[in-house]
2 protein chains.
Amino acid sequence: MPQHGRSDIDAYEAVFTALAHPVRRRILMTINFEGGSMSAGKIAQMFKHSWPTTTRHLRVLEAARLIRCKRDGRNQIYTIEKHRLEVLCDWLDWFAKPTG
Amino acid sequence: MPQHGRSDIDAYEAVFTALAHPVRRRILMTINFEGGSMSAGKIAQMFKHSWPTTTRHLRVLEAARLIRCKRDGRNQIYTIEKHRLEVLCDWLDWFAKPTG
DNA sequence: TTTATATTTAGCCTAAATGCTAAATATTCG
DNA sequence: CGAATATTTAGCATTTAGGCTAAATATAAA
């Protein structure tokens, strides 16, 4: 059970929690729109709030595995994990079938 | 602009907020599983927390228009608005297309 | 190795969410 | 009408989330 085992039973929890905040949704949107990756600094400068606040949001997205990060010199590059959004589709599937 | 106008600009906000709590996700799941409608009492008895707590969760789901309610005698019948879940699909669509 | 750049961690504070109990409301039934 | 049932509203207590500033860390450049 590599991706969909009991170990991932809280995927819904993590993903829905991460997507609950507009700043985090906007971070995901923007990383995606910019080609899939962005540095922490580039992300932080989109917002009027402080950089540490952005860092905290990034941590939540990372905990949900919606992004991952890798250092490149003194930059941290955050990359979106698009496929992780399938968790939402999985959840929606419960409602797709005719009621019963 | 009946369904998709500026009046609905915060649909993402309302829906993602509503789905952020496991109790609310479970309420939706169960109403759907039970055929689409359930009384407040039936919903409340699923949980170990107090009934007023459930009522509050129902208010959040209602604000997001994920359920609606109608009185039937002394029961309140909550009905799921399945189509409202399309808001999630709409949001996911932003990521569907090849990055760019 | 000192200095500058990029970013995170720590710790605090406030606001919002969630849960509870008690009281109120609405509807039905005797 | 008065009692019983079904459910919500009010108001309070506690937890969690989100924001800020200051300090720490890591890499690079001089």
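As the structure is a prediction and not an experimental result, all values here were calculated from the model. Proteins get letters first, then strands, A, B, ... in listed order; numbering begins at 1 in each.
Computed from coordinates, the A:Glu13 CD to D:dA17 C1' distance equals 14 Å when rounded to whole Å. A:Arg59 places its CZ atom 16 Å from the C1' atom of D:dA17, with the value rounded to the nearest Å. As rounded to whole Å, 14 Å separates atom C1' of D:dT7 from atom CD1 of B:Ile27. If you take CG of B:Leu61 and P of D:dT8, they are 13 Å apart, rounded to a whole angstrom. Rounded to whole Å, atom C1' of D:dA6 lies 17 Å from atom NZ of B:Lys70. Distance A:Leu58 CG to C:dT9 C1': 14 Å, rounded to the nearest Å.
Seen from the ring of A:Phe47, A:Arg26 counts as a face-on cation partner, given the 6.0 Å and 45° thresholds.
Across residues 37-51 of chain B, B:His49, B:Ser50 each have a non-hydrogen atom less than 4.0 Å from an atom of DNA chain C (numbered order).
Within the 4.0 Å cut-off from OP1 or OP2 of C:dT5, not a single side-chain nitrogen or oxygen of A:Asn75 is found. Taking 4.0 angstrom as the limit, B:His57 places none of its side-chain polar atoms (N or O) nearer than this to OP1 or OP2 of C:dA17. An OP1 or OP2 oxygen of C:dA6 is reached within less than 4.0 angstrom by no side-chain nitrogen or oxygen of A:Tyr78. One finds no side-chain N or O of A:Arg56 lying less than 4.0 angstrom from the OP1 or OP2 phosphate oxygen of D:dG19. Proximity of A:Thr53 to the phosphate of D:dG19: no side-chain N or O atom is located under 4.0 Å from OP1 or OP2.
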Between protein and nucleotides 23-30 of chain D, what N or O pairs are separated by less than 3.5 Å?
none

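Below 30°, between 30° and 60°, or above 60°: for A:Phe16 and A:Trp91 the angle between ring planes is above 60°, a perpendicular geometry.
When all heavy atoms of B:Met29 and A:Trp94 are compared, the pair lying nearest together is CE-CD1, 3.4 Å.
Salt-bridge formation is detected for the pair B:Arg68/B:Glu81: a Lys NZ or Arg NE/NH1/NH2 atom is positioned less than 4.0 Å from an Asp or Glu carboxylate oxygen.
Listed nucleotides: C:dG19, C:dA6, D:dG19. Nearest to the side chain of B:His21: C:dG19.
Remark on DNA chain D: of its neighbouring residues A:Ala20 and B:Gln76, the 5'-side contact belongs to B:Gln76, judged by nearest-heavy-atom nucleotide.
The backbone N or O of A:Thr17 sits less than 3.5 Å from a side-chain atom of A:Arg24, completing a donor-acceptor pair.
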